[in-house]
Amino acid sequence: MNILIMRDYNEISRQAALLVAASIALKPNLVLGLPTGRTPIRMYKELVVIYKNGFVNFSDVVTFNIDEYIGLPRENPNSFYSYMHNNFFRHINIKKENIHIPNGMAKDIKKECVRYENLIRKKGPIDLMILGIGYNGHIGFNEPSDEFIPETHVEVLTERTRMANSRYFGSLAKVPSEAITMGLGTIMHSKKIILLASGRDKAETILRAVKGNITPRFPASILRLHRDCTFILDRDAAGLIKKK
Ligand code: GLP
């Protein structure tokens, strides 16, 4: 695993955006795995700027979002569908048919998981997967568990994750209790993985991901077994690994 430590949030965002743009220049039909959350917002903004300046073309790029809440309609501002369109897709020239996000409103959620997994297999593997990380080490919505779950599946969200995400919903009660997420096998099959983390509140999490045991109790620890995974961290998020 590689670790890149940069000055601040703006720098990690710019670095990640440049990396995505360069990957698309090298492979115009790149298959890109995408996260949501607070962390990647600036990366998306930077990518939109790079696009508007004419330096990246998304017309053949295929995207797969990692996760989506169950039971939130697309038009709900807190759905990851809304997040992705508002922060990214509506500002670039990606084709609608190349955008893939799990459907958290599907009548048969289990079938939807199988459909999504099969689609990734058909169009994949994912060339470049961008990840954030939850405080408890979750990636996508793969929460701490007794086993690494390989494929796209339904995840019951932990109280800690729902608390962290309640800032967007106004109250904990409004945060969905379940989500569809790509599994850890699907994520690990990506050719290249970039994980972004920023801020002092992520330092403990990053320390565990980098130096703790590799265990499903801390899902991000599995990334250490990937042959091309880079953590791009700002100084605050890297604060504890630098000291020890
Ligand atoms: C969310 C998402 C993850 C994200 C993580 C961290 O719940 N499902 O994909 O990486 O939590 O989010 P943030 O960047 O807001 O800290």
Side-chain angles (χ1 to χ4, degrees), residues 8-10 12-13 15-17 20 32-46 63-72 76-84 86-88 100-104 113 116 126 128-145 149 152-170 172 174-184 186-188 190 193-209 218-223 229-234 236-238:
D8 56 20
Y9 177 60
N10 285 349
I12 65 164
S13 305
Q15 188 61 45
V20 172
L32 189 56
L34 294 174
T36 53
R38 170 187 53 122
T39 311
I41 286 188
R42 181 133 204 123
M43 174 193 75
Y44 291 131
K45 279 208 173 90
E46 293 282 350
T63 62
F64 281 96
N65 266 80
I66 316 177
D67 48 13
E68 177 61 284
Y69 289 115
I70 292 177
L72 277 195
N76 185 303
N78 287 311
S79 74
F80 291 162
Y81 180 95
S82 288
Y83 171 108
M84 288 308 300
N86 293 337
N87 287 303
F88 194 37
H100 306 289
I101 303 175
N103 177 8
C113 293
Y116 202 67
I126 290 168
L128 175 60
M129 169 68 80
I130 311 289
L131 296 174
I133 186 167
Y135 294 115
N136 59 5
H138 74 240
I139 46 179
F141 266 135
N142 289 277
E143 296 278 37
S145 158
I149 303 174
T152 303
H153 62 280
V154 172
E155 192 75 35
V156 177
L157 305 181
T158 62
E159 187 81 354
R160 193 165 182 207
T161 298
R162 292 183 65 239
M163 281 289 278
N165 289 3
S166 64
R167 63 191 155 188
Y168 307 109
F169 287 82
L172 181 62
K174 289 188 184 149
V175 185
S177 52
E178 292 181 327
I180 299 180
T181 182
M182 270 185 211
L184 291 161
T186 324
I187 292 172
M188 288 294 279
S190 309
I193 299 178
I194 300 289
L195 183 143
L196 301 176
S198 159
R200 208 161 292 168
D201 58 336
K202 289 278 170 78
E204 191 74 46
T205 301
I206 291 300
L207 176 66
R208 259 188 98 180
F218 199 84
S221 61
I222 199 176
L223 296 172
C229 175
T230 302
F231 279 24
I232 305 184
L233 312 171
D234 66 11
D236 286 341

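Read the numbers this way: they start at 1 and go in the same order the structure lists the ligands and their atoms. Numbers here simply count residues along the sequence, with the first being 1. Quick caveat, the model's predicted, so the values are computed rather than measured.
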*Can you list the steps and then say if Lys202 with Leu233 is a side-chain contact (heavy atoms from CB on, under 4.5 Å)?*
CA-CA 10 Å; Lys202 289 278 170 78; Leu233 312 171; over 6 Å; no
*Between Met182 and Ile126, does a side-chain contact (heavy atoms from CB on, under 4.5 Å) hold up when you go through it step by step?*
CA-CA 12 Å; Met182 270 185 211; Ile126 290 168; 3.8 Å; yes
_Audit row: Asn136, Glu143, side-chain hydrogen bond (donor to acceptor under 3.5 Å, both in side chains) steps and yes/no_ = CA-CA 8 Å; Asn136 59 5; Glu143 296 278 37; 2.9 Å; yes
_side-chain hydrogen bond (donor to acceptor under 3.5 Å, both in side chains) evaluation trace for Glu155 with Thr181_ = CA-CA 7 Å; Glu155 192 75 35; Thr181 182; over 6 Å; no
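For ligand 1 and Gly132, the ligand atoms under 4.0 Å from any heavy atom of the residue are 10 (O). Annotation for ligand 1: atoms under 4.0 Å from non-hydrogen atoms of Tyr168 are 15 (O). If you number the atoms of ligand 1 from 1 as listed, the ones under 4.0 Å from a heavy atom of Gly140 come out as 2 (C), 3 (C), 8 (N), 9 (O). The ligand atoms of ligand 1 that sit less than 4.0 angstrom from a heavy atom of Ile133 are 6 (C), 10 (O). Remark: ligand 1 atoms within the under-4.0 Å shell around heavy atoms of Asp67 are 2 (C), 8 (N), 9 (O).
Annotation: atom 16 (O) of ligand 1 to nearest protein heavy atom, Lys202 NZ, 2.6 Å. Atom 15 (O) of ligand 1 has its closest protein heavy atom at Arg38 N, 2.7 Å. Annotation: atom 12 (O) of ligand 1 to nearest protein heavy atom, Gly37 CA, 4.0 Å. Scanning the protein heavy atoms around atom 5 (C) of ligand 1, the nearest turns out to be His138 NE2, 3.6 Å. Looking from atom 4 (C) of ligand 1 to the surrounding protein, the closest heavy atom is Thr36 O, 3.9 Å.
Salt bridge present: Arg42 and Glu46 bring a charged side-chain N and a carboxylate O closer than 4.0 Å.
Classified by interplanar angle (parallel below 30°, tilted 30° to 60°, perpendicular above 60°), the ring pair His138/Phe141 is tilted.
If you check the side chains of Tyr69 and Asn165, you find a donor sitting under 3.5 Å from an acceptor.
Under 4.0 angstrom from ligand 1, the non-hydrogen atoms of Thr39 come from both its backbone and its side chain.
Note on ligand 1: Arg167 sits in its first shell, one or more heavy atoms being nearer than 4.0 Å. Judged by the shortest distance from any of its heavy atoms, Ile66 lies outside the 4.0 Å radius around the atoms of ligand 1.
Residue Arg38 comes nearest to Ser198 through the heavy atom pair NH2-O, 4.3 Å, listed as atom of the first residue, atom of the second, then distance. Residues Ala220 and Ile133 come closest through the heavy atom pair CB-CD1, 3.5 Å.
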